[in-house]
Amino acid sequence: MLIPTPIGPLWLEVSPRGVRRLEPALFPRGLEARGPLAERVRERVLAYFAGEKPDFLDIPLDYTGFSPKRVALYERVRLIPYGRTESYGSLARELGLSPRAVGAGMRASPFFLLVPAHRVIHADGRLGGFAGQEGLKAWLLRFEGAWP
DNA sequence: CCTCGCTCTGTCC
DNA sequence: GGACAGAGCGAGG
């Protein structure tokens, strides 16, 4: 399912266990997502870009194939509330990882918005990277009022 | 602004 | 298995 947003379409795939991927993509790239979960995700994403401040904590994610450390990292990042930021380093200390490992995990996440990687920034307040789309990270944080 | 050492995951071979 | 790049941090110049 392709969900239209102000930053371009987001491609959604679901499995019986939950969302398998949600990320920016211009064209369909796999099986069409159908069913109640797909509809729920679509409504929630539209609400997000309509300026409501939804969380996505009740949306199940399909973590099949991910290591326990990555699951713990993603579940922790999901708890960062709308409009707030935390640093790679503080998350790393909390989870017993290295700061680089947190960055690597965020980079590899297929759960755009659902795991709000854009809310994870440098310890000194700079934004840090975003898989070559740092403008998108800045857009999202400004939209949430978490960045000047 | 810059460099360096530390650190270690993800991804390729 | 091994090699390398990378969404970091902190100290130092």
Side-chain angles (χ1 to χ4, degrees), chain A residues 1-31 33 37 41-42 44-148:
Chain A
M1 174 186 290
L2 222 39
I3 304 171
T5 81
I7 57 165
L10 302 183
W11 173 244
L12 169 68
E13 285 178 31
V14 301
S15 81
R17 292 169 172 270
V19 173
R20 191 176 281 287
R21 74 202 295 113
L22 176 68
E23 52 195 17
L26 292 178
F27 303 104
R29 15 186 305 187
L31 290 178
L37 175 59
V41 173
R42 185 176 62 82
R44 201 70 61 86
V45 168
L46 295 179
Y48 176 89
F49 286 105
E52 300 168 35
K53 300 177 166 116
D55 66 52
F56 299 95
L57 292 176
D58 61 313
I59 305 283
L61 304 184
D62 183 352
Y63 286 125
T64 302
F66 291 87
S67 73
K69 281 182 177 180
R70 275 179 74 180
V71 174
L73 172 59
Y74 291 168
E75 284 297 306
R76 176 61 185 81
V77 170
R78 287 185 92 183
L79 300 179
I80 304 175
Y82 186 99
R84 302 278 297 281
T85 59
E86 291 191 37
S87 74
Y88 296 95
S90 66
L91 291 168
R93 280 192 299 277
E94 188 178 321
L95 294 164
L97 302 168
S98 76
R100 308 286 303 253
V102 174
M106 293 301 98
R107 188 182 213 291
S109 166
F111 305 117
F112 183 76
L113 280 187
L114 308 178
V115 172
H118 59 284
R119 298 179 190 143
V120 184
I121 65 176
H122 279 198
D124 63 7
R126 280 154 40 239
L127 286 192
F130 205 63
Q133 309 199 82
E134 282 132 45
L136 182 52
K137 187 172 191 174
W139 191 99
L140 291 167
L141 288 177
R142 283 203 195 96
F143 182 73
E144 296 188 6
W147 192 255

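Note that this is a predicted model, so its numbers are computed, not measured. Protein chains get the first letters and strands the later ones, always in sequence-line order, with residue 1 at the start of each. These numbers come from the heavy atoms of this one structure, side chains and all, not from hydrogens, waters or symmetry mates.
- Between A:His122 and A:Tyr88, the angle of the ring planes goes over 60°, which puts this pair in the perpendicular group of the 30/60° scheme.
- Across all strands, A:Ala117 comes closer than 4.0 Å to base atoms (heavy-atom distances).
- Among B:dT11, B:dT9, C:dG8, the nucleotide with an atom closest to any side-chain atom of A:Ala108 is B:dT11.
- A 3.5 Å limit on both hydrogen-bonding distances identifies C:dG1 as the Watson-Crick or G-U partner of B:dC13.
- Between the CZ atom of A:Arg70 and the C1' atom of B:dG10 there is a distance of 7 Å, given to the nearest Å.
- In this entry the distance linking NZ of A:Lys69 with P of B:dT7 reads 14 Å, nearest Å.
- Using a 4.0 Å heavy-atom cutoff across all strands shown, A:Ala131 reaches at least one base atom of the nucleic acid.
- Ring geometry, A:Phe66 versus A:Tyr63: the interplanar angle exceeds 60°, so the pair is classed perpendicular (tilted spans 30 to 60°).
- Ion pair A:Lys137/A:Glu134 not flagged as a salt bridge, since none of the NZ, NE, NH1 or NH2 atoms sits closer than 4.0 Å to an Asp/Glu carboxylate oxygen.
- In terms of position on DNA chain B, the residue among A:Leu97 and A:Arg126 whose nearest nucleotide sits closer to the 5' end is A:Arg126.
- As a whole-Å value, the separation of A:Met106 CE from C:dG8 C1' is 13 Å.
- Between A:Tyr74 and A:Phe111, the ring planes are perpendicular. Angles over 60° get that label, and only those under 30° would be called parallel.
- Spacing between atom CZ of A:Arg119 and atom C1' of C:dG8 amounts to 21 Å, rounded to whole angstrom units.
- Rounded to an integer number of Å, the gap from A:Leu91 CG to B:dT9 P is 16 Å.
- Aromatic ring pairs are classed by plane angle as parallel below 30°, tilted from 30° to 60° and perpendicular above 60°; the pair A:His118 and A:Phe130 is perpendicular.
- Candidate nucleotides B:dT11, C:dC9, C:dG6 were compared by shortest atom distance to the side chain of A:Ala123, and C:dC9 ranks first.
- Straight-line distance from the CZ atom of A:Arg93 to the C1' atom of B:dC6: 15 Å, rounded to whole Å.
- Summarising the geometry, the separation between NE2 on A:His122 and C1' on C:dC9 is reported as 9 Å, rounded to the nearest angstrom.
- Here C:dG8 presents its P atom at 14 Å from CG of A:Leu73, a figure rounded to the nearest Å.
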